[in-house]
Peer 1: 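Before we start, here is the structure in question, set down as structure tokens.
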Amino acid sequence: MKDLILVTGGTGYIGSHTAVELINEGYEVVIVDNLSNSTADSLDGIEKITGVRPAFEQFDICDKQRLDVFFEKYPSLKAIIHFAAFKAVGESVDFPLKYYRNNLVSLVNLLDCMHTYKVPSIVFSSSCTVYGQPKDLPVTEDAPIQIAESPYGNTKQICEEILRDSVRSMPELKVIALRYFNPIGAHPTALIGELPNGIPNNLVPFVTQTAAGLRPELRVFGDDYPTPDGSAVRDYINVADLAKAHVTAIGRLLNKANEPGFEFFNLGTGRGSSVLEVVKTFEKVTGVPVNYKIVGRRAGDIIAVWADTTKANKVLGWKAETSLEDTLLSAWNWEKKLRGIK
């Protein structure tokens, strides 16, 4: 019998790619999503890629009563991958309470139900924002946690603290927190990809939408950072590579029956790329110009961050493999498919 995995936020960008990789590895998947920043159309893409349509329940996991009903319906759950959270740095600065309410309550509800219904394993979608502006680069997992630069980053720090405290009080609980750097790109089939509702908050969908003519221009937030070209530097990781790390983490949790506890890993490429470098690379691999304008720095943004991935490479046996060029091309192929561009 296949192990059943709950993927919260599973119709979203990273969640849908992870559902594909789980199914491809022989897991059974059930998705819970309130569709606040995604559509159920991604289920069609998952099915076309894998030949399997995952079970889907539409509700908000901040609704504890509804979540209890769900756990009662699926008593054979083996583990959870928790993606469901708000994730826009700039928006979190403007609406901090929205972020604290959603991102913290959803995790607390899940942990409550995990304890009640005896589901011991969870992979938590964390972020490199837990490091704040790190003093040393690349960032290792031993780097001190700095004061968060945004409410979004702070919710990830607090969620990790909640998980650590829960592990101490629940001896059976097994947790892996995956600290993402910057996921970009789309599935190589162009059947699923990043499709934010409204104006994108992330760089690459804004680049592709500008290239496709949906946006008049891309705003580059700052060219006066202490970086080689003045724009902010991030570690951009292919979303399919990132999704595969979750499958590896689930396998680690399910195969370590006698070793509960809290582990955390950086997921990135180990290389930093500036915003302007991403734009220029996109133009080079696609042949499509991107109209951009330099504007002031955005509140909550850090200067530069990229990962030391040694721990994930050695302990998880995982490594990012897809180049920035191929990843940006996959994002453009997805955008072209969405817009009917030849």
Peer 1: Can you tell me how far the CG atom of Asp241 sits from the CG atom of Leu267, to the nearest 0.5 Å?
Peer 2: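 Answer for the CG-CG pair, Asp241 versus Leu267, is 10.0 Å.
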Peer 1: Dump the intermediate steps for side-chain contact (heavy atoms from CB on, under 4.5 Å) on Tyr13 and Leu195, then the final yes or no.
Peer 2: CA-CA 7 Å; Tyr13 176 42; Leu195 183 60; over 6 Å; no
Peer 1: List the atom of Pro183, the atom of Ile14, and the distance in Å for their closest heavy-atom pair.
Peer 2: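 Looking at all heavy atoms of both residues, the shortest contact is CG-CD1, 3.7 Å.
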Peer 1: Step by step, work out the side-chain contact (heavy atoms from CB on, under 4.5 Å) result for Asn266 and Thr310.
Peer 2: CA-CA 9 Å; Asn266 288 341; Thr310 303; over 6 Å; no
Peer 1: Taking Asn34 for the side chain and Ser36 for the main chain, is one N or O donor matched with an acceptor at less than 3.5 Å?
Peer 2: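 Side chain of Asn34 to backbone of Ser36, a donor-acceptor pair under 3.5 Å: yes, one is there.
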Peer 1: Strictly distance-based, threshold 3.5 Å: is any side-chain N or O of Glu283 a donor or acceptor partner for the main-chain N or O of Pro289?
Peer 2: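 It does not hold such a pair.
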Peer 1: Assess whether a salt bridge exists between Arg164 and Glu160, defined as any Lys/Arg side-chain N lying under 4.0 Å from an Asp/Glu carboxylate O.
Peer 2: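 Salt bridge between Arg164 and Glu160, a charged N being under 4.0 Å from a carboxylate O: yes.
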Peer 1: Could you walk me through whether Leu137 and Tyr131 pass the side-chain contact (heavy atoms from CB on, under 4.5 Å) test, one step at a time?
Peer 2: CA-CA 11 Å; Leu137 292 170; Tyr131 297 115; over 6 Å; no
Peer 1: Less than 4.5 Å apart, any side-chain heavy atom of Val119 and any of Tyr74?
Peer 2: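 No, side chains not in contact.
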Peer 1: Are side-chain heavy atoms of Leu173 and Leu111 found at a separation under 4.5 Å?
Peer 2: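 The answer is yes; the side chains approach within 4.5 Å.
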Peer 1: Give me the atom names and distance for the closest heavy-atom approach of Asn154 to Ala148.
Peer 2: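 Answer, listing the atom of Asn154 first, then Ala148: N-CB, 3.4 Å.
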Peer 1: Run the salt bridge (charged side-chain N to carboxylate O under 4.0 Å, His left out) check on Asp44 and Arg53 step by step: do they pass?
Peer 2: CA-CA 7 Å; Asp44 297 332; Arg53 191 176 188 86; 2.8 Å; yes
Peer 1: For a quick test of reading the model, state the closest non-hydrogen atom pair linking Ser274 to Ser231 and the distance between them.
Peer 2: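 That would be CB-OG, 3.3 Å.
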Peer 1: Counting distance only, does the side-chain N/O of Asn238 pair as donor-acceptor with the main-chain N or O of Thr327 below 3.5 Å?
Peer 2: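 Answer holds: no.
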Peer 1: Atom CG in Leu163, atom CD1 in Ile158: separation rounded to 0.5 Å?
Peer 2: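 Here the rounded value is 12.0 Å.
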Peer 1: With under 30° as parallel and over 60° as perpendicular, where do the rings of Phe59 and Phe70 fit, or are they tilted in between?
Peer 2: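 Because their plane-to-plane angle lies in the 30° to 60° range, the rings of Phe59 and Phe70 count as tilted.
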Peer 1: Of all heavy-atom pairs between Arg339 and Gln209, which one has the smallest distance, and what is that distance?
Peer 2: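 Closest approach of Arg339 to Gln209: NH2-NE2, 3.9 Å.
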Peer 1: Check the pair Leu328, Lys284 against side-chain contact (heavy atoms from CB on, under 4.5 Å), reporting the backbone distance first and the verdict last.
Peer 2: CA-CA 10 Å; Leu328 290 171; Lys284 179 181 177 181; over 6 Å; no
Peer 1: Can you tell me how far the CD atom of Glu335 sits from the CG atom of Asn333, to the nearest 0.5 Å?
Peer 2: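 The CD atom of Glu335 sits 11.0 Å away from the CG atom of Asn333.
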Peer 1: How about Thr140 and Asp308: does a side-chain donor come under 3.5 Å of a side-chain acceptor?
Peer 2: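 Absent: no donor and acceptor within the cut-off.
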Peer 1: Could you tell me whether a side-chain N or O of His187 sits under 3.5 Å from a main-chain N or O of Ala240, the two making a donor and an acceptor?
Peer 2: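 No; zero donor-acceptor contacts below 3.5 Å.
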Peer 1: Hey, does Asn103 have a side-chain heavy atom less than 4.5 Å from the side chain of Leu107?
Peer 2: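 Not in contact.
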Peer 1: Is atom CG of Asn291 surrounded by more than 12 heavy atoms (other residues, nucleotides or ligands) closer than 6.0 Å?
Peer 2: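 Atom CG in Asn291 is packed in, count exceeds 12.
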Peer 1: Which class fits the ring pair Phe262 and Phe264: parallel under 30°, tilted 30 to 60°, perpendicular over 60°?
Peer 2: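 Tilted: the ring planes of Phe262 and Phe264 meet at 30° to 60°.
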Peer 1: Do side-chain atoms of Glu57 reach the backbone of Asp33 as a donor and acceptor pair under 3.5 angstrom?
Peer 2: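 Such a contact is absent between Glu57 side chain and Asp33 backbone.
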Peer 1: Using the rule ring pair (Phe, Tyr, Trp, His ring centres under 6.0 Å), only one of Tyr99, Phe95, Tyr152 pairs with Phe86; which is it?
Peer 2: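 Result for ring pair (Phe, Tyr, Trp, His ring centres under 6.0 Å) with Phe86: Tyr99.
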Peer 1: Please tell me whether His246 and Tyr180 form a close aromatic pair, meaning their ring centres lie under 6.0 Å apart.
Peer 2: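 That pair passes the under 6.0 Å test.
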Peer 1: Report yes if some heavy atom in the side chain of Glu149 is under 4.5 Å from a heavy atom in the side chain of Thr129; otherwise report no.
Peer 2: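 No, every pair of side-chain atoms sits at 4.5 Å or beyond.
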Peer 1: Does the side chain of Leu43 reach to within under 4.5 Å of the side chain of Pro54, using non-hydrogen atoms?
Peer 2: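 The answer is yes, as the side chains (C-beta and beyond) meet within the 4.5 Å cut-off.
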Peer 1: Test: side chain to side chain donor-acceptor pair (under 3.5 Å). Region: residues 18-27. Which pairs qualify, not counting sequence neighbours?
Peer 2: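 Those involving residues 18-27 do not exist here.
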Peer 1: Flag yes if Ile122 and Leu178 sit in one hydrophobic cluster, no otherwise; membership is Ile, Leu, Val, Met, Phe, Trp, Tyr, and two members link when side-chain heavy atoms are under 4.5 Å apart.
Peer 2: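 No, Ile122 does not connect to Leu178 through the hydrophobic network.
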Peer 1: Return the SG to CD1 distance between Cys128 and Ile302, rounded to the nearest 0.5 Å.
Peer 2: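 It is 6.0 Å, given to the nearest 0.5 Å.
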Peer 1: Heavy-atom distance under 4.5 Å between the side chains of Val285 and Asp326, does that happen here?
Peer 2: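 They are not in side-chain contact.
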Peer 1: May I ask whether Val279 and Phe206 are part of the same hydrophobic cluster, defined by side-chain heavy atoms of I, L, V, M, F, W, Y residues being less than 4.5 angstrom apart, directly or through others?
Peer 2: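 Shared cluster, yes.
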Peer 1: Are Leu242 and Ile23 linked, directly or through intermediate hydrophobic residues, by side-chain heavy-atom contacts shorter than 4.5 Å (ILVMFWY only)?
Peer 2: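 Yes, one cluster joins them.
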Peer 1: Do Tyr117 and Asp68 pair up side chain to side chain, a donor and an acceptor below 3.5 Å, judged on atom types alone?
Peer 2: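 Side-chain D/A pair, Tyr117 to Asp68: present.
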Peer 1: Got a second to check how far Cys113's SG is from His115's NE2, nearest 0.5 Å?
Peer 2: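 Nearest 0.5 Å value for the SG-NE2 distance: 11.5 Å.
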Peer 1: According to the ring-ring contact (aromatic ring centres under 6.0 Å, His included) rule, which pairs have a member within residues 304-342, sequence neighbours left out?
Peer 2: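 Those involving residues 304-342 are Phe282-Trp332.
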Peer 1: Would you say Val123 ends up clustered with Val315 if hydrophobic residues are merged whenever their side chains have heavy atoms under 4.5 Å apart, either directly or through other cluster members?
Peer 2: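 Yes, same cluster.
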Peer 1: Might you confirm whether atom NZ of Lys98 has over 12 heavy atoms from other residues, nucleotides or ligands at distances under 6.0 Å?
Peer 2: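 Counting neighbours around NZ of Lys98, more than 12 heavy atoms of other residues, nucleotides or ligands fall under 6.0 Å, so yes.
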Peer 1: Check whether the side chains of Glu91 and Asn201 place a donor and an acceptor atom closer than 3.5 Å, and report yes or no.
Peer 2: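 Note: Glu91 and Asn201 side chains miss the donor-acceptor criterion.
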Peer 1: If you look at every heavy atom in Asp235 and Ala307, which pair is closest and at what distance?
Peer 2: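 Smallest heavy-atom distance, with atoms named: OD2-N, 3.1 Å.
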Peer 1: If the test is side chain to side chain donor-acceptor pair (under 3.5 Å), which one of Ser16, Ser38, Ser42 qualifies with Thr11?
Peer 2: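 One option only clears the test, and that one is Ser38.
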Peer 1: Looking only at heavy atoms, what is the nearest atom pair of Val167 and Gly261, with distance?
Peer 2: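 Residues Val167 and Gly261, closest heavy atoms: CG1-CA, 3.7 Å.
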Peer 1: Inspect the surroundings of CZ in Arg219 and state if more than 12 heavy atoms from other residues, nucleotides or ligands are less than 6.0 Å away.
Peer 2: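 Result for CZ/Arg219: open.
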Peer 1: Could you check whether any side-chain heavy atom of Ile176 comes within less than 4.5 Å of a side-chain heavy atom of Phe124, counting everything from C-beta outward?
Peer 2: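 Side chain of Ile176 against side chain of Phe124, heavy atoms only: no contact under 4.5 Å found.
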Peer 1: Would the number of heavy atoms belonging to other residues, nucleotides or ligands and lying under 6.0 Å from NZ of Lys78 be above 12?
Peer 2: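 Incorrect, the count does not exceed 12.
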Peer 1: To the nearest 0.5 Å, what is the distance between CD1 (Ile184) and CZ (Arg234)?
Peer 2: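 Nearest 0.5 Å value for the CD1-CZ distance: 13.0 Å.
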Peer 1: Evaluate the side-chain proximity of Ser125 to His82: yes if any heavy-atom separation is below 4.5 Å, no if none is.
Peer 2: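 They are not in contact (no side-chain heavy atoms under 4.5 Å apart), so the answer is no.
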Peer 1: Flag yes if Leu77 and Val108 sit in one hydrophobic cluster, no otherwise; membership is Ile, Leu, Val, Met, Phe, Trp, Tyr, and two members link when side-chain heavy atoms are under 4.5 Å apart.
Peer 2: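 Yes; tracing contacts between hydrophobic side chains, which count when under 4.5 Å, links both residues.
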Peer 1: Salt-bridged, Glu321 to Lys244, with N to O below 4.0 Å?
Peer 2: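 Salt bridge flag = no for Lys244 with Glu321.
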